[in-house]
Novice: 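Below is a structure I'd like to ask you about.
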Amino acid sequence: HTTEKHEVKAGEGDVNTEAGTITWTALHLEGVHAYEEINGKKVMKYIDKAYITKDEELIDTWKVFVSKANQDLSKLPMKVCPNHFVGEPNEISTYTYNQLGSFKTQKEAENLSNALSNSYIINALIIVNVSTQDFLMRQYSNVPNFDWSKPWDDEMLMKELGITEEEMNIIKEFVKI
């Protein structure tokens with residue numbers, strides 16, 4: 001795993017790396033990093049805060065970004081959230097990604113990200129609202145706002161939501177993690 005360093009000034013072009021990790025060596029304090037996906041690759045751009053007019057209060061929080069486009073959902077079992085990552089304070093996204101959560105701590109964002117990667121139940125709650133491969137925020141409306149300061153696994157979620165072993169086996173037939 002390598003980290004590439006790039007000097008970035010306001011208004012300059014994109015910075016892409018094969019590793020997906022970017023270290024900024026010249027960052028304007030008033031600016032933010034914006035993620036988008038171009039040709040299947042995650043790209044980070046610099047945007048001056050003056051141009052951000054929506055949800056400015058979310059800039060300084062931890063969050064999870066989930067790709068709006070998903071793979072073929074006609075095949076079972078479905079992998080619901082294959083492309084997601086934790087966003088740090090001072091990072092935002094374009095319309096390429098949905099933002100899930102707004103957290104005070106990195107741990108909370110990581111716990112949600114881990115649940116998306118490892119929980120059949122969380123992914124099943126998302127699938128219920130999916131009808132196309134373009135994921136909108138309404139697809140996530142069935143996921144309760146859990147206390148993300150602690151990690152959630154399927155055993156804990158089964159107890160919390162009253163899901164039986166039989167129901168869990170059915171969920172595993174439809175969801176791939």
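Just so it is clear, the structure is predicted and the values come from calculations on it, not from any experiment. Sequential numbering from 1 along the given sequence is applied to the chain's residues.
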Novice: Where the side chain of Lys63 meets the backbone of Glu91, is there a donor-acceptor pair that is under 3.5 Å apart?
Specialist: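 Yes; at least one donor-acceptor contact below 3.5 Å.
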Novice: For the CD1 atom of Ile121 and the CE atom of Met156, what is their distance to the nearest 0.5 Å?
Specialist: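 Those atoms lie 11.0 Å apart.
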Novice: Test of understanding: with side-chain contact (heavy atoms from CB on, under 4.5 Å), list the residues that count as partners of Val175, not counting sequence neighbours.
Specialist: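 If we apply the side-chain contact (heavy atoms from CB on, under 4.5 Å) test to Val175, skipping adjacent residues, the hits are Tyr120, Asn123, Ala124, Ile127, Ile171, Ile177.
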Novice: Mind checking whether Leu100 and Leu116 have side chains closer than 4.5 Å, heavy atoms only?
Specialist: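 The answer is yes, as the side chains (C-beta and beyond) meet within the 4.5 Å cut-off.
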Novice: Indicate yes or no: at least one non-hydrogen side-chain atom of Leu157 is less than 4.5 angstrom from one of Ile163.
Specialist: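 Not in contact.
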Novice: Between Gln99 and Ile92, is there a side-chain heavy-atom distance shorter than 4.5 Å?
Specialist: no
Novice: Is any side-chain heavy atom of Met158 closer than 4.5 Å to a side-chain heavy atom of Glu165?
Specialist: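 Answer yes - side chains close enough.
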Novice: Applying side-chain hydrogen bond (donor to acceptor under 3.5 Å, both in side chains) as the test, list every pair that has at least one member in residues 167-177; sequence neighbours left out.
Specialist: Thr164-Glu167
Novice: Hey, does Pro151 have a side-chain heavy atom less than 4.5 Å from the side chain of Glu110?
Specialist: no
Novice: Work out which heavy atom in Asp154 is nearest to a heavy atom in Ser119; give both atom names and the distance.
Specialist: OD1-OG, 2.7 Å
Novice: Can you find a heavy atom in the side chain of Asn118 that is under 4.5 Å from one in the side chain of Asp153?
Specialist: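 No - every pair of side-chain heavy atoms lies 4.5 Å or more apart.
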Novice: Considering all heavy atoms of both residues, which atom of Leu125 and which atom of Pro144 are nearest to each other, and what is their separation?
Specialist: CD1-CD, 3.8 Å
Novice: Could you check if a side-chain atom of Phe103 sits within less than 4.5 angstrom of a side-chain atom of Leu112, using non-hydrogen atoms only?
Specialist: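 Counting from C-beta outward, Phe103 and Leu112 do come under 4.5 Å.
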Novice: How many angstroms lie between atom CH2 of Trp152 and atom CD of Glu160, to the nearest 0.5 angstrom?
Specialist: 4.0 Å
Novice: Can you label the angle between the Phe85 ring and the Phe65 ring as parallel, tilted or perpendicular, going by 30° and 60°?
Specialist: tilted
Novice: With a 3.5 Å cut-off and sequence neighbours excluded, list the donor-acceptor pairs that the side chains of residues 52-62 form with protein atoms.
Specialist:
from  : atom 1 : to     : atom 2 : distance (Å)
Thr61 : OG1    : Leu58  : O      : 2.8
Thr61 : OG1    : Ser102 : OG     : 3.2

